[in-house]
Number of protein chains: 2
Amino acid sequence: MGRWTPGARGRLEQAALELFVEQGFAATTVPQITERAGLTTRTFFRHFADKREVFFDGDAIPQAARRLLEQAPADVDPLTLLRHGLRRVGVERFDGRREEVRRRREVILAEPALRERDAQKRDDLVGVLRPGLLARGVDPLGAALLAEAAVAVLHVALESWLAETAERSFGDVTDACFDRLFVPAAPV
Amino acid sequence: MGRWTPGARGRLEQAALELFVEQGFAATTVPQITERAGLTTRTFFRHFADKREVFFDGDAIPQAARRLLEQAPADVDPLTLLRHGLRRVGVERFDGRREEVRRRREVILAEPALRERDAQKRDDLVGVLRPGLLARGVDPLGAALLAEAAVAVLHVALESWLAETAERSFGDVTDACFDRLFVPAAPV
DNA sequence: CTCGTCGATGACACGTCGTGCCATCATCGC
DNA sequence: GCGATGATGGCACGACGTGTCATCGACGAG
């Protein structure tokens, strides 16, 4: 596990996750991470833009969202598409490994710097959804609002799914949140 | 304008804003800001937690939102309260000084670090609205969704208000966004 | 088999950020 | 006057993140 051992990026992620859980994000230095991964500090910053990025999965979710928006049939109405997209992305990434997600979430919530990055990541997703909806014929104002609302649903669904005692399908939670927000006949 | 000249915080904010506009956020160092303000680097970090915070108005909006939620009559339904609260906060803070807001907004959007902090600030507002709605009898899921939706409306309204050629009342924009999101009979 | 290219890594220097600690100075109450 | 209080200056320090060049392994051409 030295200089040319494959999987350097994965080793860094693993080492960082362990250290963050063990001693917290702030108390962990980049040299500590790279030492455990058998690499150097400089290499860390080649794989990740900063110390926080090692904790997030890059653009995985926005990219998946972009693919969904591009590949879906043009005649699917945006609300239905968002509803299905939320279910699918959420299920693929979260379902079945709630404990792992919960551990990561706890580290994030405990560290303001990571909460900030998390908020940025959600904003990035909005930045993908908005033009995607525009391209599907939604007017600009509606696209902006729908994109933000969809990400809000995903966020609330995630926290809600993690807070429940019994584990149910993540998709069911997103559906419930989605319907709750978009059926204002009785929103309160 | 030296050591005990009053308004140190304001001078720092002013100097920082000027320098950020002149040469960008990243290219501006804290010593540059403090030199222009006639103070030292150490004092800067006593007034602001970090370099980004000098650009934002602390907890002003969340605090105003908290007051509104606490002082409003208990029989006002949450949707109406949010609608009026958005109008009021937005109007008080933004109306009539669109150019100033636009300049700040451009600096923020040009700098990823500031966009991130901006997203965090919006999340802080959600963190105030959510318990406020809970205290008013909204169920937890609805409170979380409404809080996020309200902040989304404020955000979209701000960008929309800044993008328009003719300046109209900010409150009118928030109302339009609010109705657009919460009237899904024709949301698309 | 040797060589040369290419990409990933190591190594070092450097500027900036942010904090802990203590000294210093002005203001206010007595 | 004089002490308490609060804001500032000054300094050292660790950590973060980047620029730059050297080094090493993999791979294909000959």
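When reading the values below, keep in mind they use all heavy atoms of this one structure, side chains included, and skip hydrogens, waters and symmetry mates. Chain naming here is simple, since letters A, B, ... match the order of the sequence lines and numbering starts at 1 in each.
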J.: Nearest to the B:Asp50 side chain among D:dG17, C:dG18, C:dT9, which nucleotide is it?
T.: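 From the listed options, C:dG18 comes nearest.
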J.: Mind calculating the distance between CZ (A:Phe48) and P (D:dT18) to the nearest angstrom?
T.: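 One finds 14 Å between P of D:dT18 and CZ of A:Phe48, rounded.
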J.: Rounded to whole angstrom units, what separation is found between the CZ atom of B:Arg11 and the P atom of D:dA7?
T.: 14 Å
J.: How about B:Arg105: does its CZ atom have over 12 heavy atoms from other parts shown lying under 6.0 Å from it?
T.: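 More than 12 heavy atoms, drawn from other residues, nucleotides or ligands, come within 6.0 Å of this atom.
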J.: Check whether any side-chain N or O of A:His47 sits under 4.0 Å from OP1 or OP2 of C:dT9, and answer yes or no.
T.: yes
J.: How many whole angstroms separate atom CD1 of A:Ile33 from atom C1' of D:dG17?
T.: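 After rounding, the reported distance stands at 13 Å.
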J.: Would you say A:Gln120 and B:Gln120 are linked by a side-chain donor-acceptor pair, where the criterion is simply a distance under 3.5 Å?
T.: no
J.: Is NZ or CZ of B:Arg104 both nearer than 6.0 Å to the six-membered ring centre of B:Phe55 and within 45° of the ring axis?
T.: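 Judged by the rule, B:Arg104 and B:Phe55 form a cation-pi pair.
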J.: Counting heavy atoms from C-beta on, name the nucleotide in D:dG17, C:dT9, C:dC17 closest to the side chain of A:Lys51.
T.: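 Output: D:dG17.
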J.: When rounded to the nearest 0.5 angstrom, what distance separates NE2 in B:His155 from CG in A:Asp123?
T.: 6.0 Å
J.: Between atom CZ in A:Arg52 and atom C1' in D:dC16, what is the gap in whole Å?
T.: 11 Å
J.: May I have the distance from B:Leu39 (atom CG) to C:dA26 (atom P), rounded to whole angstrom?
T.: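 Nearest whole value for this atom pair: 15 Å.
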J.: Tell me which nucleotide among D:dA15, D:dG19, C:dC17 gets nearest to the side chain of A:Thr29.
T.: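 Among D:dA15, D:dG19, C:dC17, the one nearest the side chain of A:Thr29 is D:dA15.
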J.: OP1 or OP2 of D:dG9 sitting under 4.0 Å from any side-chain N/O of B:Thr43?
T.: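 Yes, within the criterion.
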J.: Between A:Phe25 (CZ) and C:dG18 (P), how many Å, whole number?
T.: 13 Å
J.: Has the side chain of B:Arg46 got a donor or acceptor that lies under 3.5 Å from a partner of the other kind on the base of C:dG18?
T.: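 By the distance-only test, no, there is no pair.
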J.: Could you say whether A:Arg42 or B:Thr28 is positioned toward the 5' end of DNA chain C, judged by the nucleotide with the nearest heavy atom to each?
T.: A:Arg42
J.: Can you check the A:Phe44 CZ to D:dG17 P distance for me, whole Å?
T.: 8 Å
J.: Are more than 12 heavy atoms, taken from residues, nucleotides or ligands other than B:Arg122, located less than 6.0 Å from that residue's CZ atom?
T.: yes
J.: Measure the distance from CG on A:Leu114 to P on D:dC16 and round it to the nearest whole Å.
T.: 13 Å
J.: Nearest-nucleotide wise, let me know which of B:Arg9 and A:Val30 is further upstream toward the 5' end of DNA chain D.
T.: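 The residue closer to the strand's 5' end, by nearest nucleotide, is B:Arg9.
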